[in-house]
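Note that the structure is a prediction, hence the values are computed from the model and not measured. Indexing begins at 1, ligand by ligand and atom by atom, following the structure's order.
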Amino acid sequence: MTTSPTDAGPVEGAHLKAGPVEQRRILATAIPGPRSKLLHQRKVSAVSAGVGTVLPVYVERAGGGILVDVDGNHLIDFGSGIAVTTVGSSAPRVVSAVQTQVEDFTHTCFMVTPYEEYVAVCERLNELTPGDGEKRSALFNSGSEAVENAVKIARVFTGRTAIVTFDHAYHGRTNLTMAMTAKNMPYKQGFGPFAGEIYRVPMAYPYRWPTGAEHCADEAFEVFVSQVHTQVGEQNTAAVVIEPIQGEGGFIVPPAGYLRRIADWCAEHGILLVADEIQTGFCRTGDWFACEHEGVVPDLITTAKGIAGGLPLAAVTGRADVMDSVHGGGLGGTYGGNPVACAAALGAIETMQAEDLCGRAREIEALFLRRLRALADKFDVIGDIRGRGAMLAIELVTGGDGASSRTPNAALAGAVNAYCHSQGVVTLTAGTFGNVIRFLPPLSAGDRLLHEGLDVLEQAFAARA
Ligand SMILES: Cc1ncc(COP(=O)(O)O)c(C=O)c1O
């Protein structure tokens, strides 16, 4: 069993100048405090209104499971900057690798004069991702860019153009990935026309499957097969792109066996299976990658977020024959695989291994599930609890008896979220209907802190439900 990392005291190693970040919630002012409010006024005057803010507290330092704002508030982090700081913010190995790299050199462009760090990250990805066959990787800057490149590679390899995606999917905000993303507001509204040759099929969403969760796996697979056959044509389909657990769509976990059947069907038809593990990857779900839970080996896998402990890095990893099918110079970009981001990734991966963060994610799952189930027993507005590892969510509904009891309750999700924020716990919502509260704590957060955050969540339900 791994130890709860930071209950023992402040996080050591990082923050040498300011000292370790104290691992407790401190409300020094109202949230947001006066300094944050002043900064927010500057933000409104300087930053495009299109760039939203979930909680306008301005962060000065972070570490373990705590964000410290400019007013001295210590907030419990249940979001990890949307599943990024899995190893914790400024994790010591990441800080030290980055410092060394910054002093050595900051950029050459890998396509001009390459460097070892990029190659080392690709080697690590090829080893760690599912499947024993020969693999290759290519590095990029953002998750969206990784998904775009997976599509490019799949099209070249197969000579086909159609891409199949799912209801509730989120794959990014570039033109192609917006087309692949399901939800209109706020991601797509007014930004069209979108890229073509993207086809959407229903997702296996057990809680909302029309004939009941017990029929979801079989029926969702049948609908998938039938729609791709009749509306797209297997012979035209380059890839099926799926999040093994959907992220922004509301942490939707497909029923056991569903992914496996999709993978087998893809193989039968020469279609590539692309697992978008940008949110689920790197220990988040209790395995290195969520596909492993189902024993599925995708042809290509996209990663980002947790890969580099907070620095921008993304990757496509997959079968060597697929990855090598692209003509020389067809993949790349000025910054893709920046040496500082690569150094950070090597530090983050080392941390995950040294601290058994997959094991820690499973411990967090057990702790959260106990608390969330107890909460659901008290409040029937919690319609569903789902997720895996340290990627868990509750879906809020109107509750009570009758047919409308599963009606999405976005207003309550908003109210609970706002209450948590006001009490110094950074929670995030998700879901096509805006009625899901998701939990993505850093795996460096200690049990005591997690319990305290969950106490606040419980108070939020008592106050708002
Ligand atoms: C599953 C998934 N794919 C792609 C993306 C896009 O990544 P980025 O925001 O780095 O472009 C995200 C971001 O939330 C994601 O969760």
Against heavy atoms of [X], which atoms of ligand 1 measure under 4.0 Å?
X: Ser144; value: 6 (C), 7 (O), 8 (P), 11 (O)
X: Glu243; value: 1 (C)
X: Ser142; value: 10 (O), 11 (O)
X: Asp276; value: 1 (C), 2 (C), 3 (N), 4 (C)
X: Glu248; value: 14 (O)

Specify the protein heavy atom at minimum distance from [atom]: its residue, its atom name, and the distance to 0.1 Å.
atom: atom 16 (O) of ligand 1; value: Gln279 NE2, 2.9 Å
atom: atom 13 (C) of ligand 1; value: Lys305 CE, 3.3 Å
atom: atom 10 (O) of ligand 1; value: Gly143 N, 2.8 Å

Phe439 and Phe368 aromatic ring geometry - parallel, tilted or perpendicular at 30°/60° bounds: tilted
Ring geometry between Phe224 and Phe221 (parallel below 30°, tilted from 30 to 60°, perpendicular above 60°): parallel
Side chain Thr100, main chain Ser96, donor-acceptor under 3.5 Å: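 Yes, the answer is positive, given that a donor and an acceptor are paired below the 3.5 Å cut-off.
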Pairing of Asp356 and Arg362 as salt bridge, 4.0 angstrom limit: no
Pi-cation contact, Tyr170 with Lys183 (under 6.0 Å, within 45°):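 No, Lys183 and Tyr170 do not form such a contact.
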Heteroatom distance test (Glu145, ligand 1): nitrogen or oxygen, under 3.5 angstrom: no
Polar contact flag for Gly172 and ligand 1 (N/O pairs, less than 3.5 Å): no
Set of residues satisfying salt bridge (charged side-chain N to carboxylate O under 4.0 Å, His left out) with respect to Arg93, sequence neighbours excluded: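 By the salt bridge (charged side-chain N to carboxylate O under 4.0 Å, His left out) rule, Arg93 matches Glu350, Glu355.
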Interatomic spacing from CD1 in Ile76 to OG1 in Thr427 - rounded to 0.5 Å: 11.0 Å
